[in-house]
Amino acid sequence: MAQGSRGSRWEHFEHAADIGIRGCGPTRSAAFEQAGLALTAVLVDPSSVKPTVRVPIVCEAPDDELLLVDWLNALIYEMDVRRMVFARYAVHMDEDWPTGRRMEGEAWGEPLASLAEIPAVEVKGATYTALRVEREDHTWVAQCVVDV
């Protein structure tokens, strides 16, 4: 588990063949940001990545759970096509979007070629396994299993 700012954190959880990722924070946006860090941590130590290149990401979905899957799959796609890893995330959600949930996010990272640590695994995609986005007491939790 890694502690973020403002009471936010990320962690991995056990799953038979793949890896569970979980982001927690005081807001839904913070939980999504931490889930992004948990995704990065499947590949490399996020603290070893320099956040020098900014990539904007927009996602829409009918509910929070599908929005989380879309967010993580967008990050996986951007990492793959840009040959990058990300170390910092910002998520802004529009709760009043007429067709469901909408979010605008940003990911900052660096090209794989400039990393000292080469990723040991490849994340293929976020799945619906153990998928949940909900508030527990005063903390939002955003989690799912990623296929590696």
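These numbers come from the heavy atoms of this one structure, side chains and all, not from hydrogens, waters or symmetry mates.
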Are [X] and [Y] connected, step by step, through hydrophobic side chains (Ile, Leu, Val, Met, Phe, Trp, Tyr) whose heavy atoms are closer than 4.5 Å?
X	Y	answer
Y89	V81	no
L112	V53	yes
V141	V146	no
V85	W108	no

Nearest 0.5 angstrom please: [X] [atom1] to [Y] [atom2], how far?
X	Y	atom1	atom2	result
R132	C144	CZ	SG	11.5 Å
T127	I19	OG1	CD1	11.5 Å
I21	L39	CD1	CG	5.0 Å

Do [X] and [Y] come close enough that some side-chain heavy atom pair is under 4.5 Å?
X	Y	answer
R101	D64	yes
L67	M93	yes
V133	W140	yes
V49	F86	no
D18	T129	no

Mind listing the closest non-hydrogen atom pair of [X] and [Y] along with its distance?
X	Y	result
E11	R9	OE1-NE, 4.0 Å
A41	W10	CB-CH2, 3.2 Å
A142	L68	C-CD2, 3.8 Å
V44	L115	CG1-CD1, 4.4 Å
V121	L43	O-CD2, 3.2 Å
S8	P26	OG-CD, 3.4 Å

Is a side-chain N or O of [X] found less than 3.5 angstrom from the main chain of [Y], in a donor-acceptor match?
X	Y	value
Q143	A130	yes
R28	A30	no
E104	H92	no
T40	A87	no
H12	A38	yes

Kindly list each side-chain donor-acceptor pair under 3.5 angstrom involving residues 71-79, sequence neighbours excluded, with atom names and distances?
from, atom 1, to, atom 2, distance (Å)
W71, NE1, F32, O, 3.1
N73, OD1, A126, N, 2.7
N73, ND2, V69, O, 3.4
E78, OE1, R82, NE, 2.5
E78, OE1, R82, NH2, 3.4

Mind checking what makes side chain to side chain donor-acceptor pair (under 3.5 Å) contact with E110, not counting sequence neighbours?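 Expected list: S114.
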
Apart from F13 itself, its cluster of hydrophobic side chains linked below 4.5 Å comprises V145

